[in-house]
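Lettering follows sequence order; numbering is per chain, from 1.
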Amino acid sequence: MIKLYLLLFYEFLKIGIFALGGGYAALPFLYYLQTKYDWYTIEELTNMIAVSNITPGPIGINMATYTGYTTAGIIGSIISTIAIVLAPFFITITIIKLFNKFKSCEYVSALFLGLRPASCALLASIGLKLLYETIIYTNEEWSMPFQIDYKSLLLFVLLIIPFSFMKKNPLMVIIAGAAGGILLNSI
Amino acid sequence: MQASLFEIFKIFFLIGTQLLGGGYVIVPLLKKYIVEERQWLTEDELVDYYAMSQCIPGIIAGNIAICSGYKARKTLGAIMAILGIITPSFFSILILAHIITGIVDYPIVKNAFWGIRVSVIVLILITIKDIWAKSVNSKFTYFMFFLILTALMILPVSPTLIIIISAILALIHYKAAGGKDD
């Protein structure tokens, strides 16, 4: 158990250092943790993302608390929540102490020229992988190795078309998905 | 006027309960509670801290809370601010997680979560659409995007490694282009 706590602390400390940007920046890291340790299933991860989106508080903190809880209970949630804010805490305080007024220097904007497309690509890869895993499932039988899950494909099309034209509203997207899920599965 | 540590905790706790969604949502709340009602920060400082919070590692709302708490009462203030902002998250997630574990096996809840899984994919894709224009908009950024996406689709590369490599590539590009982006 102690080993799991230490590992959890180490992984979330790393997320705190390397996840740059808002809301979803921690997501690629949590997805990677899933493939590396199997602390939770992909279904649990998507549930956690959904719940974090509609719970008060910064999404990144919500996701950290939730994954910590799923992995190692209440102690796990305390560890992951503290670990994710620890490094930024010291970095932020050091920067305020050093500079009275923050000036974004040339190097920082040069860095972000590479980091922004990188976070876009990280998110895109997860979006595509989840889409693939949800809509296409693999079969043991060699004659039909792939099958399309038409129900999820239909729901995906029904959600993506209207919502990509609207202002982002996570709560509505989640409610619509839940309603669609209940309706499509009871027909 | 010196802010009390308890008040810093209280205000950030309040802000935490009102935060829905990520990033910039916190700015109007900070403006109301700590610029207008309490004068811990000036409006210019808030703008500065927001810009800075986006460029340093960590969750933006957390970073900006740390800055504001530090401004009000130095390191202790920063500790109070970050504790205040994570406390509502922490308890609401624990309660929800507990409830969900209890009901997740009911068929109707299972079906709802089946649909929510598709919602999450849609949310991720919409987020990409929203950040696309300011992230991928030049030869170099297109190159970076497709290079990294291809790598990720073929190999399970750790995001940490991706971030380090992109930072290095960005600096090489900066040196090679002499500070210009083409």
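Both the backbone and the side chain of A:Lys151 come within contact range of chain B, judged by heavy atoms closer than 4.5 Å. Looking at B:Ile82, only its side chain comes within 4.5 Å of chain A, counting heavy atoms on both sides. Contact of B:Ile79 with chain A is made through backbone and side chain together, with heavy-atom distances under 4.5 Å. Neither the backbone nor the side chain of B:Val109 comes within contact range of chain A; no heavy atoms are under 4.5 Å apart. Looking at B:Ile163, the atoms closer than 4.5 Å to chain A (heavy atoms on both sides) sit in the backbone and in the side chain alike. At a 4.5 Å heavy-atom cutoff, B:Ile168 makes no contact with chain A through either its backbone or its side chain. At a 4.5 Å heavy-atom cutoff, the contact between A:Ile91 and chain B is made by side-chain atoms alone. Only the side chain of B:Asp130 comes within contact range of chain A, with at least one heavy atom under 4.5 Å from a heavy atom of that chain. With a 4.5 angstrom heavy-atom cutoff, B:Leu152 touches chain A via backbone and side-chain atoms both. For A:Ile84, the part sitting under 4.5 Å from any heavy atom of chain B is the side chain, from C-beta outward, and nothing else. Residue contact with chain B, scored on non-hydrogen atoms closer than 4.5 Å, involves the backbone of A:Ala19 exclusively.
Criterion: ILVMFWY side-chain heavy atoms under 4.5 Å apart, direct or through other members. Under it, B:Phe145 and B:Tyr142 are part of a common hydrophobic cluster. Taken together through direct or relayed side-chain contacts under 4.5 Å among Ile, Leu, Val, Met, Phe, Trp and Tyr, B:Ile64 and B:Val35 form part of one hydrophobic cluster. A:Tyr37 and A:Leu4 end up in the same hydrophobic cluster when Ile, Leu, Val, Met, Phe, Trp and Tyr side chains are linked at under 4.5 Å.
More than 12 heavy atoms of other residues, nucleotides or ligands shown are found within 6.0 angstrom of OH on B:Tyr33. No more than 12 heavy-atom neighbours from other residues, nucleotides or ligands sit within 6.0 angstrom of NZ on B:Lys134. Other residues, nucleotides and ligands contribute over 12 non-hydrogen atoms within 6.0 Å of the NZ atom of A:Lys14. In B:Glu43, the CD atom is not crowded: 12 or fewer heavy atoms of neighbouring residues, nucleotides or ligands sit closer than 6.0 Å. Within a 6.0 Å sphere centred on OH of A:Tyr10, heavy atoms belonging to other residues, nucleotides or ligands number 12 at most. A:Leu154 CG: more than 12 foreign heavy atoms inside a 6.0 Å radius.
Listed options B:Pro88, B:Ala97, B:Ala65 were ranked by heavy-atom pairs under 4.5 angstrom with chain A; first place goes to B:Ala97. In terms of heavy-atom pairs under 4.5 angstrom with chain A, the leader among B:Val136, B:Leu147, B:Leu96, B:Ile121 is B:Ile121. Counting heavy-atom pairs closer than 4.5 Å to chain B, the top residue among A:Ser152, A:Ala50, A:Gly127 is A:Ser152. Across B:Ala151, B:Gly16, B:Pro107, the residue that shares the most heavy-atom pairs under 4.5 angstrom with chain A is B:Gly16. Each of B:Gly62, B:Pro159, B:Pro156 has some count of heavy-atom pairs under 4.5 Å with chain A, and the biggest count is that of B:Pro159. Note: B:Ile128 leads B:Thr87, B:Ile128, B:Ile100 in heavy-atom pairs under 4.5 Å with chain A. The greatest number of non-hydrogen atom pairs below 4.5 Å with chain B, out of A:Leu128, A:Leu184, A:Ile182, is found for A:Ile182. Chosen from A:Leu45, A:Leu183, A:Thr81, A:Leu171, the residue pairing most often with chain B at heavy-atom distances under 4.5 Å is A:Thr81. For chain B, the option among A:Asn47, A:Thr35, A:Val85, A:Ile135 with the highest count of heavy-atom pairs below 4.5 Å is A:Asn47. Note: A:Ala121 leads A:Ala121, A:Ala87, A:Ala176 in heavy-atom pairs under 4.5 Å with chain B. No other option in B:Leu169, B:Thr150, B:Ile162 has as many heavy-atom pairs under 4.5 Å with chain A as B:Ile162.
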- Message: Set out, in order, the CA-CA distance, both residues' side-chain angles and the distance that settles side-chain contact (heavy atoms from CB on, under 4.5 Å) for B:Ile56 and A:Ile95, then state yes or no.
- Response: CA-CA 9 Å; B:Ile56 43 188; A:Ile95 290 180; 3.1 Å; yes

- Query: Can you check side-chain contact (heavy atoms from CB on, under 4.5 Å) on A:Thr46 and B:Phe113, steps first, answer last?
  - Reply: CA-CA 9 Å; A:Thr46 50; B:Phe113 273 112; over 6 Å; no

- Task: Report the C-alpha separation of A:Met166 and B:Ile126 in whole Å, then their side-chain angles, then the decisive distance to 0.1 Å, and conclude whether the side-chain contact (heavy atoms from CB on, under 4.5 Å) test is met.
- Result: CA-CA 10 Å; A:Met166 282 183 223; B:Ile126 294 176; over 6 Å; no

- May I have the step-by-step check of side-chain contact (heavy atoms from CB on, under 4.5 Å) for A:Cys120 and B:Ile131, ending in yes or no? CA-CA 8 Å; A:Cys120 254; B:Ile131 57 175; 3.8 Å; yes

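Note: A:Tyr132 OH to B:Met153 CE = 9.5 Å, rounded to the nearest 0.5 Å. Here the CG-OG distance, from A:Leu113 to B:Ser138, works out to 5.5 Å after rounding to the nearest 0.5 Å. Going from atom CD1 of A:Ile126 over to atom CD1 of B:Ile124 covers 6.5 Å, rounded to the nearest 0.5 Å. Distance check: B:Ile148 CD1 to A:Ser125 OG gives 10.0 Å after rounding to the nearest 0.5 Å. Distance OG1/A:Thr55 to CZ/B:Phe91: 14.5 Å, rounded to 0.5 Å. Note: A:Ile82 CD1 to B:Phe90 CZ = 8.0 Å, rounded to the nearest 0.5 Å.
Using a 4.5 Å heavy-atom cutoff, the side chains of A:Phe112 and B:Cys55 are in contact. The side-chain heavy atoms of A:Asn185 and B:Lys110, taken from C-beta on, include no pair separated by under 4.5 Å. Contact annotation: the side chain of A:Phe29 approaches that of B:Thr160 to within less than 4.5 Å [non-hydrogen atoms, C-beta and beyond].
Considering only residues two or more places apart in sequence or on other chains, A:Ile42 meets the side-chain contact (heavy atoms from CB on, under 4.5 Å) condition with A:Tyr31, A:Gln34, A:Leu130, A:Glu133, B:Arg117.
Put simply, the residue from A:Leu159, A:Val173, A:Ile49, A:Asn169 that forms a side-chain contact (heavy atoms from CB on, under 4.5 Å) with B:Leu123 is A:Val173.
Heavy-atom minimum distance, B:Pro57 versus A:Gly16: CB-O, 3.4 Å. Across every non-hydrogen atom of B:Trp114 and A:Gly181, the tightest pair is CE3-CA, 3.7 Å. Among all heavy-atom pairs drawn from A:Pro58 and B:Ser89, the shortest one is CD-OG, 3.7 Å. For B:Cys67 against A:Ile96, the heavy-atom pair with the smallest separation is CA-CD1, 3.5 Å.
Applying a 4.5 Å heavy-atom cutoff, the residues of residues 68-78 of chain B that approach chain A are B:Tyr70, B:Thr75, B:Ala78. Using a 4.5 Å cut-off between non-hydrogen atoms, the part of residues 71-78 of chain A that approaches chain B consists of A:Ile74, A:Ser77, A:Ile78. Within residues 61-69 of chain A, the residues approaching chain B closer than 4.5 Å by heavy atoms are, in numerical order, A:Ile61, A:Asn62, A:Thr65, A:Tyr66, A:Tyr69.
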